[in-house]
There are 2 protein chains.
Amino acid sequence: MAERLFDERGIAGTSLRAVTAKAGVNVAAVHYHFGSKEDLTRAVVLRHAGPVNAERLRRLDAIEAEAGPEGPRVESILEAFFRAPVQLWTEGGATGASFLFHEPAERIQPLVEEVMGEMASRFLAALVRALPHLEPGEVAERFQLVIGVLIHVLSGRMRWEPQPIPARSVDGRIRVLVDTLAAAMRAPAIEESS
Amino acid sequence: MAERLFDERGIAGTSLRAVTAKAGVNVAAVHYHFGSKEDLTRAVVLRHAGPVNAERLRRLDAIEAEAGPEGPRVESILEAFFRAPVQLWTEGGATGASFLFHEPAERIQPLVEEVMGEMASRFLAALVRALPHLEPGEVAERFQLVIGVLIHVLSGRMRWEPQPIPARSVDGRIRVLVDTLAAAMRAPAIEESS
DNA sequence: GTCTATAACGGGATAGAC
DNA sequence: GTCTATCCCGTTATAGAC
């Protein structure tokens, strides 16, 4: 339950009272079970990001198993990265733990590293293999752009008042992300002229 | 001054006392000059986003003036969109008002529309003209991805611990953004098969 | 284990002196 | 106009009854 409030109001803007009211319990119960608000948010993040990341890695394992020795294509890797969170968000409004990325950076950087680090490293390694024309650092740089896009999509701010964006199925949403960002990943390396 | 605190801690996480302490004045002064914390944040946003958006539009005007009847290229439009905020952020850590996009969506949507709406519409129109193979709604959809990338870049979260991303000059940063995202914008239209 | 009651604190806002 | 002092509220956290 709490993750919805964190999505809508942010962590700092969500009081324990709001969480407990929605859960039908008392404020003291939170402290009994979690110890503090920070421990609660940590538990919520681990609880929700865990399955999403596990599903991502399961899909990555699958496409790596059926790919040849050159490894899976960029499109397949990006789809494995996007599908679980986008599907979850489209269906139920739940987003795993995307609200984390709207919190102050310094505060939650260790938690992000802890909960996302291994998954992200696996995807980065796959992308490095699929993009031999780029240095690993350049792949990491572009993967960060992909992450930024996903955060924005999951933030629910992807609206345009005067010019509505097309209604899409889950597969359609994912295909837009995968096809456009694969093109971005494949763009030639940038050489600094300065 | 307040914008730095908003960047670092978020609006909800920044107390008026923290703002006034850094400014060397008293809490009452804020209420005298602005009326409330909300009015202060609004003033900060308008104060900082205004010049950035004006510079963006100035650059857009320039490239439209020197372009042929087919209008400027996607790369030129994206550079006009990115240069002012990225330059400001790289040089001084100031970001215009990017902290707005990490606040709860519902709360600040009207302000975002007010301060960004006209600028964004002008850029969207230019992109629609430069991408005749896409419906206007599809261009808006992809422009949202560009916006998500910019927000992420300005958030300062674009780090990668085990795999450092390349050090770049301002021009280098912008070129990466422009070249990769131009490729994303140019990718063929997605037709839903479902 | 879950509640009520309350402590201890920090927040935004305001009154009134100067 | 800018300060000090204060109000009043909501917050996290805890103590203790049950």
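Heavy-atom basis, side chains included; hydrogens, waters and symmetry copies ignored. Residue numbers start from 1 in every chain, and the chains themselves are labelled A, B, ... in the order their sequence lines are given, proteins ahead of strands.
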Are the charged groups of [X] and [Y] less than 4.0 angstrom apart, N to O?
X: B/Asp179; Y: A/Arg142; value: no
X: A/Arg73; Y: A/Glu79; value: no
X: B/Glu141; Y: A/Arg173; value: no
X: B/Arg157; Y: A/Glu103; value: no
X: B/Arg59; Y: B/Glu55; value: yes

Worksheet item: Heavy-atom distance under 4.5 Å between the side chains of A/Arg42 and A/Val45, does that happen here?
Response: no
Discussion item. Whole angstroms only, please: what is the NE2-P distance between A/His31 and C/dA7?
Written reply: 17 Å
Worksheet item: A/Leu5 has an atom CG; how far is it from atom P of D/dT11, in whole Å?
Response: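 Between P of D/dT11 and CG of A/Leu5: 12 Å.
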Practice prompt. Check the angle between the aromatic planes of B/Phe143 and B/Phe123 and answer parallel, tilted or perpendicular using the 30° and 60° thresholds.
Written response: parallel
Discussion item. In this structure, would A/Leu127 and B/Leu181 fall into the same cluster of hydrophobic residues linked by side-chain contacts under 4.5 Å?
Written reply: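 In one cluster with A/Leu127: B/Leu181, yes.
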Discussion item. Among residues 32-40 of chain B, which ones have heavy-atom contacts with DNA chain C below 4.0 Å?
Written reply: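 Going residue by residue through residues 32-40 of chain B, the ones with a heavy atom under 4.0 Å of DNA chain C turn out to be B/Ser36, B/Lys37.
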Discussion item. Using a 4.0 Å heavy-atom cut-off, does B/Val30 contact any base of the nucleic acid, only the sugar-phosphate backbone, or nothing at all?
Written reply: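 No contact.
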Protein-nucleotides 4-9 of chain D N/O pairs closer than 3.5 Å?
unit_1	atom_1	unit_2	atom_2	d
D/dT4	OP2	B/Asn26	ND2	3.1

Worksheet item: Distance check: side-chain N/O of A/Ser15 vs OP1/OP2 of D/dT11, anything under 4.0 Å?
Response: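 Yes, within the criterion.
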